[in-house]
Engineer: 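Got a structure for you, written out below as structure tokens; questions coming shortly.
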Amino acid sequence: MRFVSIDFETANASPLSACSIGVVVFEDGVPVKSLVSLIQPPEEFGKFNWYNVKIHGIKQSMVQDAPTFDQVWERIREDVAGGIVVCHNAVFDTSVLRRLLEYYRIKVPEFRYICTVKVSQKLWPELENHKLDTVSEALGIRLNHHEALSDSMACGLILAKAIEEKQCGSVEALAEEIGMRLGSVSKKKIVSCSTAEEVRRQSLKKAGTRHYRRRRKQSTDSQEGEQTI
């Protein structure tokens, strides 16, 4: 069982402003490989917002000699491509990853992903909230919050503990056990990581939209028919 946890920190609200990345590769629930690096954002997206700096402590001067994302990507590409990525709030981190790959004109690899926010909501609903620091404290995981390597390590350990608690042999088995669909990313298509309840709501919403459009078209066609008489 192998998966890779990823965490990005950004300089501002743009996903292209990633200024730090932490990556941890897990095998059978144990971290076996890690990488942490500052990232020099593209110049046009690299203005550091004071609020972001307050959160993660990374200043613009600290990344002036850092590698750009395309250089860092060469060190993690094989761990991501074709594998399972885990993030805490995966919508954010997978969006940052995709946008950076597209910006540097790097082929987006196919991979599946799972969000530990959603996993923790399913397994430990009694928690006050499901932020990374809250879940980590509840599970006894050490965390230096908003330091990319520490965040990615904690995220991977949360998933490992969930798999252990449910006595599952893989990430796929855990997702099936708790009623969750793994997300997937490819060059052509993105499928969100969703719980069964979210998938059902999305299906009902789409069905309702199709019904509304069909009724509206029928009404329009009827009105046009009356006008031609």
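Hydrogens, waters and symmetry mates are skipped; everything else that's a heavy atom, side chains included, is used.
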Engineer: Is it true that the side chains of Arg181 and Ser192 contain a donor and an acceptor less than 3.5 Å apart?
Structural biologist: yes
Engineer: Taking a hydrophobic cluster as the set of Ile, Leu, Val, Met, Phe, Trp and Tyr residues connected by side-chain heavy atoms closer than 4.5 Å, whether directly or through intermediates, do Val32 and Leu157 fall within one such cluster?
Structural biologist: no
Engineer: Check whether more than 12 heavy atoms from other residues, nucleotides or ligands sit under 6.0 Å from atom CD of Gln60, and answer yes or no.
Structural biologist: yes
Engineer: Quick one: closest heavy-atom pair of Cys115 and Asn89, and the distance?
Structural biologist: SG-N, 3.5 Å
Engineer: Please round to the nearest 0.5 Å and tell me the distance separating atom CZ of Arg77 and atom CG of Asp70.
Structural biologist: 13.0 Å
Engineer: For Met180 and Cys193, which heavy atoms make the closest approach, and how far apart are they?
Structural biologist: SD-SG, 3.8 Å
Engineer: Quick one: do Leu132 and Val119 end up in the same hydrophobic cluster if we chain Ile, Leu, Val, Met, Phe, Trp and Tyr together by side-chain heavy atoms under 4.5 Å apart?
Structural biologist: yes
Engineer: Which side-chain N or O atoms in residues 11-25 pair as donor and acceptor under 3.5 Å with protein atoms at least two apart or in another chain?
Structural biologist:
| residue | atom | partner | partner atom | Å |
| --- | --- | --- | --- | --- |
| Asn12 | OD1 | Ser14 | N | 2.8 |
| Asn12 | OD1 | Ser17 | OG | 3.1 |
| Asn12 | ND2 | Phe45 | O | 3.0 |
| Asn12 | ND2 | Lys47 | O | 2.7 |
| Ser14 | OG | Leu16 | N | 3.1 |
| Ser17 | OG | Ala11 | N | 3.1 |
| Ser17 | OG | Asn12 | N | 3.0 |
| Ser17 | OG | Asn12 | O | 3.3 |
| Ser17 | OG | Ser14 | O | 2.7 |

Engineer: Any salt bridge between Glu110 and Lys187, counting N to O under 4.0 Å?
Structural biologist: no
Engineer: For Pro125 versus Lys122, what's the shortest heavy-atom pair and its separation?
Structural biologist: CD-O, 3.8 Å
Engineer: How close do Glu9 and Ala148 get, heavy atom to heavy atom, and via which atoms?
Structural biologist: CG-CB, 4.3 Å
Engineer: Does His88 reach the side chain of Asp151, with side-chain heavy atoms less than 4.5 Å apart?
Structural biologist: no
Engineer: Taking only residues two or more places apart in sequence or in another chain, which ones pass side-chain hydrogen bond (donor to acceptor under 3.5 Å, both in side chains) with Glu165?
Structural biologist: Trp124
Engineer: Check step by step if side-chain contact (heavy atoms from CB on, under 4.5 Å) holds for Arg2 and Ile84.
Structural biologist: CA-CA 7 Å; Arg2 182 182 175 92; Ile84 296 179; over 6 Å; no
Engineer: Specify the closest pair of heavy atoms between Ser150 and Arg142, including all atoms of both residues, with the distance to one decimal.
Structural biologist: OG-O, 4.4 Å
Engineer: Got Val63 and Ile39 here, is their nearest side-chain heavy-atom distance under 4.5 Å?
Structural biologist: no
Engineer: If you count the non-hydrogen atoms of other residues, nucleotides and ligands that lie under 6.0 Å from CD in Glu176, is the total more than 12?
Structural biologist: no
Engineer: Once rounded to the nearest 0.5 Å, what's the spacing between atom CD1 of Ile141 and atom NZ of Lys161?
Structural biologist: 5.5 Å
Engineer: Please check if the side chain of Ser152 supplies one atom and the backbone of Ile6 the other of a donor-acceptor pair under 3.5 Å.
Structural biologist: no
Engineer: Just how far is it from atom CD1 of Ile114 to atom OG of Ser5, taken to the nearest 0.5 Å?
Structural biologist: 12.5 Å
Engineer: Hey, does Gln40 have a side-chain heavy atom less than 4.5 Å from the side chain of Gln64?
Structural biologist: no
Engineer: Distance-only criterion, 3.5 Å: show the donor-acceptor pairs between side-chain atoms of residues 93-109 and protein atoms not counting sequence neighbours.
Structural biologist:
| residue | atom | partner | partner atom | Å |
| --- | --- | --- | --- | --- |
| Asp93 | OD1 | Phe8 | N | 2.9 |
| Thr94 | OG1 | Ala90 | O | 2.5 |
| Tyr103 | OH | Glu44 | OE2 | 2.8 |

Engineer: To the nearest 0.5 angstrom, please state how far the OG atom of Ser184 sits from the CZ atom of Phe111.
Structural biologist: 9.0 Å
Engineer: Is Val86 linked to Leu174 within one hydrophobic cluster, defined over Ile, Leu, Val, Met, Phe, Trp and Tyr using a side-chain heavy-atom separation of less than 4.5 Å?
Structural biologist: yes
Engineer: Please tell me if the side chains of Leu159 and Val171 come closer than 4.5 Å, counting only heavy atoms from C-beta onward.
Structural biologist: yes
Engineer: Heavy atoms, side chains only, cut-off 4.5 Å: are Ser37 and Pro67 in contact?
Structural biologist: yes
Engineer: Show your reasoning for whether side-chain contact (heavy atoms from CB on, under 4.5 Å) applies to Ser34 and Leu149.
Structural biologist: CA-CA 8 Å; Ser34 65; Leu149 182 59; 3.9 Å; yes
Engineer: If the condition is side-chain contact (heavy atoms from CB on, under 4.5 Å), which residues does Glu177 pass it with, not counting sequence neighbours?
Structural biologist: Lys166, Cys168
Engineer: Are His56 and Glu147 close enough that some pair of their side-chain heavy atoms sits under 4.5 Å apart?
Structural biologist: no
Engineer: Nearest 0.5 Å, please: how far is CD1 in Ile158 from CG in Leu123?
Structural biologist: 11.0 Å
Engineer: According to salt bridge (charged side-chain N to carboxylate O under 4.0 Å, His left out), does anything in residues 31-40 pair up with another residue at least two apart or in another chain? List the pairs.
Structural biologist: Lys33-Asp79
Engineer: How many angstroms lie between atom CD1 of Ile178 and atom CD of Gln121, to the nearest 0.5 angstrom?
Structural biologist: 10.5 Å
Engineer: Got a sec: does the CD of Glu43 have more than 12 other heavy atoms crowding it under 6.0 Å?
Structural biologist: no
Engineer: Would Val185 end up clustered with Ile76 when hydrophobic side chains under 4.5 Å apart are linked, directly or stepwise?
Structural biologist: yes
Engineer: Is it the case that atom CD in Glu172 sees more than 12 heavy atoms from other parts of the structure closer than 6.0 Å?
Structural biologist: yes
Engineer: Same hydrophobic cluster for Phe92 and Ile58, using side-chain heavy-atom links shorter than 4.5 Å among ILVMFWY?
Structural biologist: no
Engineer: Any ring-ring contact (aromatic ring centres under 6.0 Å, His included) pairs touching residues 18-41, not counting sequence neighbours?
Structural biologist: Phe3-Phe26
Engineer: Side-chain contact, heavy-atom cut-off 4.5 Å: Thr116 with Val135?
Structural biologist: no
Engineer: Do other residues, nucleotides or ligands put more than 12 heavy atoms under 6.0 Å from Asn129 CG?
Structural biologist: yes
